[in-house]
Amino acid sequence: MQKPLQVSSQSRIRFRLLKDRFAKLAFASAALFGLLILIILFIRITSEGASSLSLDFLTGRFSTSPEKAGIMGAILGTFWLLAVVVPVTMIVGIGSAIYLELYAKNGKLKAFTQTNIGNLAGIPSIVYGILGLTVFVRALKFGGVVLAGGLTLSLLILPIVIVAAQESLRSVPEQLGDASDALGASKWQTIQSVILPVAFPSIMTGAILALSRAIGETAPLVVLGIPALLIPFPGGIFDRFTVLPMQIYYWTLDSALVAEYAQLAAATSIVLLVSLFILNGSAIFLRNKYSIQS
Amino acid sequence: QEKEESGTASANETSSLEGSVLVDGSGTVYPLMAKLAETYMIEEQEDVSVEVSRAGTSAGFKKFLVKDGTDFNDASRTIKEEETQTAKDEGIEVKELKLALDGLTFVVNKENDWVDELTPEQLIQIFTADGEVTQWSDLDPAWPKEEIKAMGPNENHGTYEFFYEKVLEEQDLKTSVNLQQDYSTLVSLVADDQYGIAFFGFGYYAGNQEKLQAVPVDFGEGPVEPSLETIAEDGDYAAFTRPVFTYLNVGHAKEKPQVLDYAKYILKNANKMAGETGFAPIPETESQENLNYLEELGNE
Amino acid sequence: MPPASQVSSSSEIRALIRHNQSQKTFRKSLESWIPRVLFLLAFLSVLTTVGIVVILLTETIEFFKAVPLIDFFTGTVLKPLSQTPAFGILPLVMGTLVSSGIALLVAGPIGLMAAIYLSEYASRRVRSVLKPALELLAGIPTIVYGFFAFTFVTPLLREWVPSLEATNILSPGLVMGIMIIPMIASLSEDAMRAVPEVMREGSAALGSTKLETSLNVVVPAALSGIIASFVLGISRALGETMIVAIASGSSKNFSFDLTESMQTMTAYIVEVTSGDAAAGSTVYYSLYAVAMTLFALTLIMNLIAGKIARKFREVY
Amino acid sequence: MTTLTNYRPTTRLRVVARTESPAAIFKTEELNVWYGKTHALKNINLTILENEVTAIIGPSGCGKSTYLKTLNRMVETNPAVRISGTAQFKGTDLLNATVERLRSEVGMVFQKPNPFPKSIYDNVAYGPRLHGIRKKAILNEIVENSLKKAALWDEVKDRLSSSAFGLSGGQQQRLCIARSLAIEPTVLLMDEPTSALDPVSTNKVEELMNELKKDVTIVIVTHNMQQAARISDRTAFFLHGEVVEYAQTESIFKQPSSQLTDDYVNGRFG
Amino acid sequence: MTTLTNYRPTTRLRVVARTESPAAIFKTEELNVWYGKTHALKNINLTILENEVTAIIGPSGCGKSTYLKTLNRMVETNPAVRISGTAQFKGTDLLNATVERLRSEVGMVFQKPNPFPKSIYDNVAYGPRLHGIRKKAILNEIVENSLKKAALWDEVKDRLSSSAFGLSGGQQQRLCIARSLAIEPTVLLMDEPTSALDPVSTNKVEELMNELKKDVTIVIVTHNMQQAARISDRTAFFLHGEVVEYAQTESIFKQPSSQLTDDYVNGRFG
Ligand SMILES: Nc1ncnc2c1ncn2[C@@H]1O[C@H](COP(=O)(O)OP(=O)(O)OP(=O)(O)O)[C@@H](O)[C@H]1O
Ligand SMILES: Nc1ncnc2c1ncn2[C@@H]1O[C@H](COP(=O)(O)OP(=O)(O)OP(=O)(O)O)[C@@H](O)[C@H]1O
Ligand SMILES: [Mg+2]
Ligand SMILES: [Mg+2]
Ligand SMILES: O=P([O-])([O-])[O-]
């Protein structure tokens, strides 16, 4: 057989392999860049904030004097906020996902709702703040209380919860639902006894990730007029409150006035980041654990 | 031990209160008011929540002079004619409570080694278009040929209006003046810009002396540096001295005991905390007059 | 019905089941309500959109009664609080575009390269470390990024660029870029992994190196997905608030100087709400007009991204 | 084409003689099924007889599974599906019946074993529980009987409460059969039930079918022509959504009347 | 088992007589392949001869594809894969060769046609371009020749610049063959190349293989025993990762030496 094409001279192959290796290095550095920034950010924040971190700081009340200031109020505020956000997003989020994924007929309405949810997920959080300000704080006269903040943040993360829950439901092997249907189960019986139990870990993963988003949000709360300086602890969902990110915001802005505030902001950031890492970490763990099985 | 004290205190005067008190308004007054609120909540009434914001005097009045508005509005200027009119229209009775004295302070960067003093005329030149001054060398040929970075608080603020009315005599500011909402931003802008100059209340200079220099002002009798001594109604810095207030919604004070109680508290304690937040005290008699008024309000 | 204790024959069980089936039970009647209740829950998301649009529109219309549309969209001067106010949105548009542009310049190449690495080169183990790390990066609250930009990146940049102001648009732009790297990397990677394995095999079987397969087959095949990830990244940057609110100051300059403070639409909303949110004034309405503009801008971006991504999905 | 006995060397399983002519259990007339625009079944007229094993063969994509799933209306789980024509189950219109009811009479076994992520016991008890049987004693009995019928009881009786995923593929498939049997269906539809199994398991399942057909009518889709020949009484050959030929299994393999059938069963395509 | 001629009624394609004994092109010794913990190939000793068509048959999961993909080391695209033993290509150790080089000599055609999302022309020109051929004239010639060899030229010559996705499945598969041929491989590995195709296309591809084997050694995996019988010279029967039997195709189908082979080719399992 004639081989008219000297297609792969040794040197050419070597050159191509070299290019490949070089590119791999470049791509890997790009991927590591994120990790590097993460490390710098964490080192930077730890070195700034670690000295302010103490039990007193965690359990203390807010104060304008740096040496006395604590973040218990903000921590409690975050908890109360979750007391609103968790039930609302779970019920509405999973319910919507079940409807869209398992009940809704494929048609214009479903396509519209789906597109709508996709777009909601892309609306800047500050716009949700304006929605919350206009509806919850002003029109419904809640004022800047936990309920108003919680509902606003619920609306903000709902699209994320819905989409994640939909994906979880979709990832349940179809054959399981088929097996149940083929035994004469009604739709809801199949959902309740086969699909939801299988999808649950993955739904939780998505929900936790969305919740951690809610915990870290600042912009909508700024718009709602959530105060930074708030000394009494919130005791329920009708109380005024503040949260960790607001505290960071206030202290960062005023670090120009009181240098120690930068350390307080950093210390609060550590608390926020560690809680979020724990949350996200557990979500990622959940996902990895259960994705191997299916 | 502390608990016991506050317990007796509340048993003696009013019984322990709860509810919230909303304060907004002047950023200049904010440090003083925040300090007062904090000590009040810790030492006097643990269950009352006093929330202090700092939208600026003018912005604050807009939140104050509405139905269900804030309880207090801090102000670094007196209430304006049209604001009084709004209050009347809304049926809101307003009481002016004088708290302390502040001096409008001009600050420059630490590395600014050429400015020893400025006259009010020079300040006008710096901040208005008519002066045709854009570089430091335009004021004095020996100074650097660098653009002056002039900045100040924006129109939400009483300090802006005081400056506009009393110093500039209502000439428009240059469009290039960098107007900011937050005093903290101004502080860091000047602290980081060798050619910057800004103005705000003395308190923001007092708290940041390691980052800023105050510019002595020559009112005609030699340079005067702003300080707690020179800031007084008849002091050397009198020309740039102004009283600061908080305005009370009298209706709220009548309805909500915690608002009235807090009003009394600030009048009694403002002078004590003025110094550490960069304000000069006012005569006891002036506070006493207001206190009497409040006592009467309580007895109604 | 056969007694429970009795051994039941096939036919008895069959009969029992048929009997139960013909029964009208509470469960069955309840079940018919489930879809309706769930529908209402799903409808809430539509309601949210309607709420946002209605609120923004009504107040924006109020705003345009006071400020002519043309002035708003073509004005280069923004002095909302001045005695002689001017409401030109262009300074905010400029600030928004510049910061998002910087962000994309950072995140586009790095994100894409990282995506290629994760999708084409990384071993399963490396990916299992890098992906969660990127997700953690994506999970950092923007307020922390803001703090980072203001207290670390800006001072660091000032050592290289002395003319940089304490608040400037460059530093938040860069940090916003870092913030959206995970998003672009992850979405692009998804797009690349959606390219059927058989394509790669086809290329590899012809003797291609990984790089050649990636650049000649995978990236072109995933191109619309990648572009969609870029557009979504921009959209995210357009709407980002806290980083710019903290680190870029509030100067309403209509200029192109990266070293100066510039205000974005989002930062303007923060400034106005934390300053004077008293209802009724033109400034108050301007909040909604700016928010409406921002909303429209991001919506358009998202729709474009959706359209591109859908085209991509149609291929496979 | 006279050598086709070679295809089923183990005819031992087949019941050859029939005394009475069996009744129709399914009857489809002018049945058409579309997936969106794909016309998957075209005018299918078939009568499936009670207590027989009917095999459906044909190349990939010819509509075998679609036909099978139409019989218990599982095809409708795909919302894009449209159906026209008539289909009867025991003389009643099945296309308008209550699906839950239809499906509890017409069981189904799938190509890939699909046990639930539950215990072996709960897998089998799933169906009875669905249909309102809660009494432990009855459930125990049903589980035992069904597993016995599926020839699995001896292998799993000591680990009823362990996960079904711990079983081998062949055991899982028999578990799925047991699960179907637990609600006492009158028909069992099987879609390539052995194609994922090893020879030994295949053989077990084939034996099982032979056992079951005393009580249950079986319709089986298979791509293995020898299997069809071994176990079925009657065979339908589908091609491009149409029935090319439907006859006694012997005649399909020995004297097919269509050249297409001949080509297919002799491996000239597919 | 003497009736097996029935399996390949169309032996017309087979070259029956060989004059010279062909040389070994692949030789694997004690070859083992694991996917993680799955032991997919166990001690495979096989010698594949030049310019022959070698068929690999066996039930699903027995390791056919794994073996084929070991020959061009595509199996290594799965990072979990471990290989032990030796494998030679034309006498040189292929397990340590440069894969890019190996693969440009050992082409591969997959079960599902996998054209690139490019034009027909660019699909065929892809390989030559990789290897540095840029000249338009040369590329044109290669594309034309390759498409002709793949018996596709007449069908596509007027729309070379339209997308490859517009072709039918059978055409796409032939395009993939053309794409492989464009870099002049000495071997073509084919993994069930016709299982996704209709009868007509299947026939075309089979004819094509017969044409190609003059120049190219072909190793083909197929699940269609009749196909193996029709087109191959030599057949290997795999089961559970082992070679049960490897011999002339005729002998595998007519007198298999193993009972397992006999059972498999007669459809008693699989
Ligand atoms: N969910 C679906 N969506 C769209 N088309 C489908 C779907 N399922 C099947 N089809 C189409 O319907 C036709 C018949 O498919 P069906 O699954 O019934 O074939 P089959 O004979 O069972 O094939 P196989 O042997 O591969 O299982 C095919 O053309 C197929 O592409
Ligand atoms: N990517 C993989 N990961 C893990 N195991 C695999 C992988 N690919 C194949 N295997 C396993 O290796 C064994 C051999 O698989 P292989 O694909 O070679 O079989 P095959 O004979 O080609 O089957 P088929 O006829 O289904 O194509 C099987 O047990 C299979 O489960
Ligand atoms: Mg099928
Ligand atoms: Mg294979
Ligand atoms: O914040 P001001 O005191 O300037 O109103």
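By convention in this document, chain letters (A, B, ...) are assigned in the order of the sequence lines, proteins followed by strands, and residues within each chain are numbered from 1. Computed from heavy atoms alone, side chains included, the values below leave out hydrogens, waters and symmetry copies.
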**Q** Under a 4.5 Å cutoff for heavy-atom pairs, which residue among Lys118(D), Arg129(D), His131(D), Lys69(D) has the most contacts with chain A?
**A**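 Of the options given, most contacts go to His131(D).
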**Q** Is it the backbone or the side chain of Arg101(D) that comes under 4.5 Å from a heavy atom of chain A, or both, or neither?
**A**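 Contact with chain A: none, neither part.
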**Q** Pick one of side chain, backbone, both or neither for Pro185(D), based on which atoms fall under 4.5 Å of a heavy atom in chain A.
**A**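 When you check distances to chain A, no heavy atom of Pro185(D) falls under 4.5 Å.
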**Q** Is there any residue in residues 176-192 of chain A with a non-hydrogen atom under 4.5 Å from a non-hydrogen atom of chain D, and which ones are they?
**A**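 Answer by number: Leu176(A), Asp178(A), Ala179(A), Ser180(A), Asp181(A), Ala182(A), Leu183(A), Gly184(A), Ala185(A), Ser186(A), Lys187(A), Gln189(A), Thr190(A).
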**Q** Among Ile183(D), Val109(D), Leu102(D), single out the residue with the greatest number of heavy-atom pairs under 4.5 Å to chain A.
**A**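 Counting heavy-atom pairs under 4.5 Å, the top option is Ile183(D).
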**Q** Set out, in order, the CA-CA distance, both residues' side-chain angles and the distance that settles side chain to side chain contact (heavy atoms under 4.5 Å, CB included) for Phe116(D) and Val198(A), then state yes or no.
**A** CA-CA 9 Å; Phe116(D) 298 127; Val198(A) 175; over 6 Å; no
**Q** Do other residues, nucleotides or ligands put more than 12 heavy atoms under 6.0 Å from the CZ atom of Phe277(A)?
**A**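 Counting neighbours around CZ of Phe277(A), more than 12 heavy atoms of other residues, nucleotides or ligands fall under 6.0 Å, so yes.
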**Q** Taking atom OH of Tyr35(D) as the centre, does the number of heavy atoms from other residues, nucleotides or ligands within less than 6.0 Å exceed 12?
**A**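 Above 12, so yes.
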**Q** Take atom NZ in Lys27(D); do more than 12 heavy atoms of anything else shown fall under 6.0 Å from it?
**A**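 For Lys27(D), atom NZ is not crowded (no more than 12 foreign heavy atoms under 6.0 Å).
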